[in-house]
Amino acid sequence: MLPAPRGRAGAKFLILTFAVRTMAGEPTVSLPELRSLLASGRARLFDVRSREEAAAGTIPGALNIPVSELESALQMEPAAFKALYSAEKPKLDENLIFFCQIGKRGLQATQLAQRLGYKGARNYEGAYREWLQKEG
């Protein structure tokens, strides 16, 4: 992989990279962005790993909904969602951040949520592995 250009060219490269990822329908959030969104309460965090994986450790404040049941969860009536997950069902216009262990299931969850109309769905690109290394 070639190194990213520095200076003004580097800034344009980063903007273009973000735009391409976003236009491809795969918006992501970095660790600094995640920290900021969580600190300000402007996003909801979803751990889409298995219950066993999440029980071994997760990002504080995350709601665990395994990717295998996410589609049905996001299509539930709000009362059923609350009864099953002890949390309010996300609204279509909320910022939703999905993560898994290394990124693949988080990306799948993000794409699924977007298809269901959750326009603020994003994938935490560093996943739990990065969180554990830098925050854990």
Side-chain angles (χ1 to χ4, degrees):
M1 179 183 280
L2 296 172
R6 299 195 181 273
R8 182 175 273 176
K12 287 181 181 178
F13 174 80
L14 290 175
I15 290 168
L16 179 61
T17 300
F18 177 77
V20 168
R21 268 195 299 207
T22 302
M23 288 187 306
E26 301 172 3
T28 60
V29 62
S30 66
L31 181 56
E33 290 170 310
L34 179 65
R35 283 188 200 122
S36 176
L37 287 166
L38 294 177
S40 67
R42 294 183 326 210
R44 292 184 59 188
L45 189 59
F46 294 87
D47 183 342
V48 296
R49 298 175 300 154
S50 70
R51 285 185 173 68
E52 295 78 20
E53 288 174 291
T58 192
I59 299 173
L63 177 61
N64 177 231
I65 303 178
V67 72
S68 61
E69 61 187 68
L70 185 65
E71 183 170 13
S72 63
L74 293 178
Q75 293 178 328
M76 287 180 174
E77 291 298 320
F81 185 96
K82 187 168 188 166
L84 186 58
Y85 297 107
S86 301
E88 296 295 324
K89 181 181 174 187
K91 294 177 178 47
L92 292 174
D93 61 351
E94 283 186 277
N95 287 318
L96 309 180
I97 310 299
F98 297 96
F99 73 93
C100 61
Q101 188 67 30
I102 59 173
K104 183 178 178 185
R105 289 173 287 175
L107 177 59
Q108 289 173 326
T110 300
Q111 292 170 336
L112 172 73
Q114 288 176 335
R115 282 194 306 272
L116 293 174
Y118 290 88
K119 297 186 185 337
R122 292 191 275 172
N123 181 33
Y124 167 36
E125 63 187 348
Y128 184 66
R129 179 172 31 185
E130 179 184 56
W131 180 271
L132 190 60
Q133 290 172 348
K134 296 185 177 179
E135 302 290 323

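Note that these values count all heavy atoms, side chains included, but never hydrogens, waters or copies made by symmetry. Everything numeric here is computed off the predicted structure, so don't read it as measured data.
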Is the side chain of Thr110 donor-acceptor paired with the backbone N or O of Asn123 at a distance under 3.5 Å, no angle test? yes

Under the 3.5 angstrom rule, does the side chain of Ser36 hit a backbone N or O of Pro32 as a donor-acceptor pair?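 Not at all, since once roles are kept as given, no pair shorter than 3.5 Å links the two residues.
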
Assess whether side chain to side chain contact (heavy atoms under 4.5 Å, CB included) is satisfied between Glu69 and Tyr85, documenting all intermediate values. CA-CA 12 Å; Glu69 61 187 68; Tyr85 297 107; 2.6 Å; yes

Give the C-alpha distance, both sets of side-chain angles, the deciding distance and a yes or no for side chain to side chain contact (heavy atoms under 4.5 Å, CB included) between Phe99 and Val48. CA-CA 6 Å; Phe99 73 93; Val48 296; over 6 Å; no

To the nearest 0.5 Å, what is the distance between [atom1] ([X]) and [atom2] ([Y])?
X	Y	atom1	atom2	answer
Ser86	Leu84	OG	CG	8.0 Å
Leu45	Asp47	CG	CG	7.5 Å
Glu130	Leu31	CD	CG	4.5 Å
Leu74	Arg115	CG	CZ	11.0 Å

Any salt bridge linking [X] with [Y]? Criterion: basic side-chain nitrogen under 4.0 Å from a carboxylate oxygen.
X	Y	result
Asp93	Lys91	no
Glu53	Arg105	yes
Lys89	Glu77	no

[X] versus [Y]: any side-chain heavy-atom pair under 4.5 Å?
X	Y	value
Lys119	Gln114	no
Tyr124	Glu33	no
Pro66	Asn64	yes
Leu96	Arg122	no
Ile65	Phe81	yes
Cys100	Val67	no

Which atom pair, heavy atoms only, marks the closest approach of Phe98 to Gly106? CB-O, 3.8 Å

Least distance between heavy atoms, Leu38 atom then Ala43 atom: CD2-O, 4.2 Å

Please determine whether residues Ile102 and Trp131 belong to a single hydrophobic cluster, defined as Ile, Leu, Val, Met, Phe, Trp and Tyr linked transitively by side-chain heavy-atom distances below 4.5 Å. no

Quick check: is Leu92 connected to Leu112 through a chain of hydrophobic side chains (ILVMFWY, heavy atoms under 4.5 Å apart)? yes

Is Arg49 positioned over the aromatic face of Tyr128, cation under 6.0 angstrom from the ring centre and no more than 45 degrees off axis?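 Yes, Arg49 lies over the aromatic ring of Tyr128.
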
Worked verdict on Glu125 versus Val29 for side chain to side chain contact (heavy atoms under 4.5 Å, CB included): CA-CA 6 Å; Glu125 63 187 348; Val29 62; over 6 Å; no

Criterion side chain to side chain contact (heavy atoms under 4.5 Å, CB included) on Ile97 and Arg44, from CA distance to verdict: CA-CA 6 Å; Ile97 310 299; Arg44 292 184 59 188; over 6 Å; no

For Glu71, what residues pass the side-chain hydrogen bond (donor to acceptor under 3.5 Å, both in side chains) criterion, not counting sequence neighbours? none

